[in-house]
J.: 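One structure coming up, written as structure tokens, with questions to follow.
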Amino acid sequence: MKNRFFKNSLKETMRERPVFGITIYTKSPQIIEILGYAGYDFAFIDSEHSPWDVTELGEAILAARLAGISPLVRVTKPDMIEIRKALEMGAEGVIVPHVHNVEEMRLCARAAKFPPIGRRGYDGGVRSAQYGFGYSGGEYIDYANQSELVIPMCEDFEFTDNICEILDVEGIDAINFGPADYANSLNIHSFYNLAEGPANDALDLVIKHAREKNIGVMAPATPANYESAKALIDRGVNMIIMGNDIGHFGNALKSIKADAIDKLLK
């Protein structure tokens, strides 16, 4: 198998240590490249809350591949075509928002995994198959099923209500916990606060059930610093989201203005 141009390595890294990434909202391939060159493990490319078109999404995935960082694409919903298309464009994994029940989880696995796990449609002329140059048909199917990640999001109370049935579905590699939307689903405005409350309890529940099945857990470190990330890792989270590109850019601008411009204008 000739995979030196297209190697999925995130699951392998996750067996050795926690992995770290940043959410990309700006639709900027350059930011994704910089993220890779800076030594992060994954780019969380968000097409749910940002208006990516298919061409832009393909360019973002290529930028990640060029810089040696794992591209994870958040699709807009549990959808057979969106999930398959993201993976065929070269995403190393798909993050699926607002999974509520076992039926939606089965759809995600069905869309992302080839038989015997799912029912993903086969085409050897796509980027993830190196357009037929990297793998035989059977090698491609085996490699995709083994190395690509399916990551449903727990961001509604229905997920935790149905967590045992959801996690019995074959093909789940990690769960992304969204504290803001989880609290919002209960009409509680605690946003990203994981110090206490229902979202904090839900994360504990997700970690307990996921770790029993050797399934990873992703969550945001808020604020994106050592203390927040270590607290998550100590709890059992092994995929850490260290903020997002818009937030970091905005904070850098505020810091520059306060540290330099404001002082110069006094």
Side-chain angles (χ1 to χ4, degrees), residues 8-24 35-36 38-46 69-72 74 92-99 105 147 149-164 166-169 172-186 188-248 251:
N8 295 330
S9 58
L10 193 61
K11 288 177 74 170
E12 183 179 333
T13 303
M14 287 168 61
R15 286 192 283 268
E16 300 173 359
R17 61 168 177 80
V19 293
F20 301 87
I22 286 176
T23 303
I24 305 297
L35 192 62
Y40 286 77
D41 299 299
F42 66 87
F44 181 141
I45 302 168
D46 186 2
I69 188 171
S70 297
L72 305 179
R74 175 154 66 179
E92 191 165 340
V94 286
I95 299 167
V96 187
H98 296 291
V99 172
M105 188 62 247
S147 65
L149 290 87
V150 178
I151 307 172
M153 290 198 67
C154 172
E155 51 184 346
D156 301 277
F157 67 84
E158 291 91 344
F159 189 104
T160 48
D161 286 350
N162 298 299
I163 191 168
C164 292
I166 289 172
L167 294 191
D168 277 341
V169 175
I172 302 172
D173 298 292
I175 300 166
N176 181 11
F177 182 70
D181 268 343
Y182 187 89
N184 198 44
S185 76
L186 296 168
I188 297 171
H189 297 157
S190 56
F191 300 103
Y192 291 96
N193 179 15
L194 284 172
E196 58 185 11
N200 183 64
D201 296 340
L203 178 57
D204 282 337
L205 184 69
V206 167
I207 292 169
K208 176 182 181 296
H209 285 276
R211 286 329 214 163
E212 287 175 354
K213 292 180 174 289
N214 200 30
I215 292 171
V217 179
M218 174 188 285
T222 308
N225 58 27
Y226 170 83
E227 290 77 15
S228 297
K230 187 175 188 305
L232 289 174
I233 292 169
D234 289 345
R235 293 177 71 168
V237 177
N238 66 332
M239 302 181 77
I240 315 296
I241 306 168
M242 300 297 289
N244 63 77
D245 54 353
I246 289 177
H248 291 318
N251 288 334

J.: Among I95, V217, V99, find the residue that satisfies the side-chain contact (heavy atoms from CB on, under 4.5 Å) test when tested with I151.
T.: I95
J.: Assess the residue pair D168 and K213 against the criterion (side-chain contact (heavy atoms from CB on, under 4.5 Å)); give the C-alpha distance rounded to whole Å, side-chain angles, the decisive distance to 0.1 Å, and a yes or no.
T.: CA-CA 9 Å; D168 277 341; K213 292 180 174 289; 3.1 Å; yes
J.: Of all heavy-atom pairs between I207 and G236, which one has the smallest distance, and what is that distance?
T.: CG2-CA, 4.1 Å
J.: Is it true that atom CG of N214 has more than 12 heavy atoms of other residues, nucleotides or ligands lying nearer than 6.0 Å?
T.: no
J.: Would you mind reporting whether F44 and M218 have side-chain heavy atoms less than 4.5 Å apart?
T.: yes
J.: Hey, what do you get for CG (D46) to OG1 (T23), rounding to the nearest 0.5 Å?
T.: 6.5 Å
J.: Between I45 and P71, which heavy-atom pair has the shortest distance, and what is it?
T.: CD1-CB, 4.0 Å
J.: Donor-acceptor pair, N162 side chain versus E158 backbone, under 3.5 Å?
T.: yes
J.: Where is the tightest heavy-atom contact between C154 and T160, given as atom of each residue plus distance?
T.: SG-CG2, 3.8 Å
J.: Scan the side chains in residues 193-202 for donor-acceptor partners under 3.5 Å anywhere in the protein, sequence neighbours excluded, and list what turns up.
T.:
from, atom 1, to, atom 2, distance (Å)
N193, OD1, A195, N, 2.9
N200, OD1, R235, NH1, 2.9
N200, OD1, R235, NH2, 3.0

J.: Working to the nearest 0.5 Å, report the span between CG of L149 and CG of L72.
T.: 6.5 Å
J.: Quick one: are R74 and P97 in side-chain contact, heavy atoms under 4.5 Å?
T.: yes
J.: How about N225 and K230: do any of their side-chain heavy atoms sit closer than 4.5 Å?
T.: no
J.: I want to check something: taking the side chain as every heavy atom from C-beta on, are H209 and I175 in contact at a cut-off of under 4.5 Å?
T.: no
J.: Provide the closest heavy-atom pair for A210 versus L167 in the form atom of the first, atom of the second, distance.
T.: N-CD1, 3.9 Å
J.: Verify the neighbour count for atom OH of Y192: are there more than 12 heavy atoms of other residues, nucleotides or ligands below 6.0 Å?
T.: no
J.: Hey, does the side chain of E92 reach the backbone of L10 with a donor-acceptor pair shorter than 3.5 angstrom?
T.: yes
J.: For the pair H248 (side chain) and I22 (backbone), establish whether a donor and an acceptor sit closer than 3.5 Å, ignoring hydrogens and angles.
T.: no
J.: Check the pair S147, N8 against side-chain hydrogen bond (donor to acceptor under 3.5 Å, both in side chains), reporting the backbone distance first and the verdict last.
T.: CA-CA 6 Å; S147 65; N8 295 330; 2.9 Å; yes
J.: NZ of K11 to OG of S70: how many Å apart, nearest 0.5 Å?
T.: 12.0 Å
J.: Say whether, by atom type as modelled, one donor and one acceptor occur between the side chain of D156 and the main chain of F159 under 3.5 angstrom.
T.: no
J.: Donor-acceptor pair, T13 side chain versus S9 backbone, under 3.5 Å?
T.: yes
J.: Can you tell me how far the CG atom of N238 sits from the CD1 atom of I233, to the nearest 0.5 Å?
T.: 9.0 Å
J.: State, yes or no, whether a side-chain contact exists between M239 and D41 at a heavy-atom distance under 4.5 Å.
T.: no
J.: Step through it carefully: locate the ring centre of F177, locate the ring centre of Y182, and say whether they are under 6.0 Å apart.
T.: yes
J.: Determine the minimum heavy-atom distance between M242 and A229, stating which atoms define it.
T.: SD-CB, 4.0 Å
J.: Please tell me if the side chains of V237 and P18 come closer than 4.5 Å, counting only heavy atoms from C-beta onward.
T.: no
J.: Which residues pass the side-chain hydrogen bond (donor to acceptor under 3.5 Å, both in side chains) test with T222, sequence neighbours left out?
T.: none
J.: Going by heavy atoms in the side chains, are H98 and D181 under 4.5 Å from each other?
T.: yes
J.: Could you tell me whether the side chain of E227 reaches within less than 4.5 Å of the side chain of L232, counting heavy atoms only?
T.: no
J.: Rounded to the nearest 0.5 Å, what separation is found between the CD1 atom of I166 and the CD1 atom of I172?
T.: 7.5 Å
